[in-house]
Amino acid sequence: MASIETEMLRLKNYYATVHTRYASALESLKAMTQRSLTAAKRSAEAANRCADAASLAADAARESADRELTLVAEASAKAAQAAAEAAAEAAAAAAAAAAATSQAAAHHAEEASLRAAAEATEAASIASEAAAYASRMATAAAASAAKIRKH
């Protein structure tokens, strides 16, 4: 009987240890999920700002082309291209963060994690749209610079 009690106590202690480790791992996973969501949102915001910069640079290139300011038009086109590249990088970061959040949600199907994964995916989508817009603005800026070079 004593050996059964000893075995029961050992199993009880083992279960307590496993439970503590599981709870700790779950908390770490939740924290990583939230950090991934934050990263996705920040990347989407960065992509939007890059798209705005590309748009302003494209406007400057158009204005410069209309006034035949070759150097300004070319510099504006380069700035638009750099902004578009930064937007694409931000979109990639948002997508990676969304993937990490989704993976975390898959590991523990908790409502908060699923919601975070959905938000991160939305942020990645916004970032991708901003990157595409920035790319269009860079193309427009390059066209403006090319227009002035022809004259």
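All heavy atoms count here, side chains included; hydrogens, waters and symmetry mates do not.
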* If you look at every heavy atom in A58 and A141, which pair is closest and at what distance? -> CA-CB, 3.7 Å

* Taking ILVMFWY side chains as joined if any heavy atoms are under 4.5 angstrom apart, and letting links pass through other members, which residues group with V72? -> L69

* To do: With sequence neighbours excluded, tell me which residues meet salt bridge (Lys or Arg N to Asp or Glu O under 4.0 Å) with E63.
  => R67

* **Which residues share a side chain to side chain contact (heavy atoms under 4.5 Å, CB included) with E27, sequence neighbours left out** => K30

* **Over all atoms of both residues, closest heavy-atom pair of A97 and A39** => CB-CB, 4.0 Å

* Structure fact -> For L9, the hydrophobic cluster (side chain heavy atoms closer than 4.5 Å, chained through members) also holds none

* side chain to side chain contact (heavy atoms under 4.5 Å, CB included) involving A116 - partner list, sequence neighbours excluded -> T33, Q34, L37, T101

* Structure fact -> Rounded to the nearest 0.5 angstrom, the CD-SG distance for E45 and C50 is 10.0 Å

* Asked: Looking at S36 and A100, what are the two nearest heavy atoms and their distance?
  -> OG-CB, 3.6 Å

* Asked: If you take all heavy atoms of A54 and A83, which pair is closest and at what distance?
  -> N-CB, 3.7 Å

* Is Y14 isolated, or which residues cluster with it under the ILVMFWY side-chain rule of less than 4.5 Å, directly or via members? -> V18

* Can you name the side chain to side chain contact (heavy atoms under 4.5 Å, CB included) partners of T38, sequence neighbours left out? -> R42

* Using the test salt bridge (Lys or Arg N to Asp or Glu O under 4.0 Å), find all partners of D52 that sit at least two apart in sequence or belong to another chain. => none

* Structure fact -> Taken in chain and number order and not counting sequence neighbours, the residues that satisfy side chain to side chain contact (heavy atoms under 4.5 Å, CB included) with A123 are A40, K41, A44

* **Partner residues of R115 under the salt bridge (Lys or Arg N to Asp or Glu O under 4.0 Å) criterion, sequence neighbours left out** => E111

* Asked: Taking the hydrophobic residues Ile, Leu, Val, Met, Phe, Trp and Tyr, and joining any pair whose side-chain heavy atoms are under 4.5 Å apart, which ones share a cluster with M8?
  -> I4

* **Flag, side chain of S125 to backbone of T121, donor-acceptor distance under 3.5 Å** => no

Scan the side chains in residues 127-139 for donor-acceptor partners under 3.5 Å anywhere in the protein, sequence neighbours excluded, and list what turns up.
{"residue": "S128", "atom": "OG", "partner": "A124", "partner atom": "O", "Å": "3.0"}
{"residue": "Y133", "atom": "OH", "partner": "S55", "partner atom": "OG", "Å": "3.2"}
{"residue": "T139", "atom": "OG1", "partner": "S135", "partner atom": "O", "Å": "3.0"}

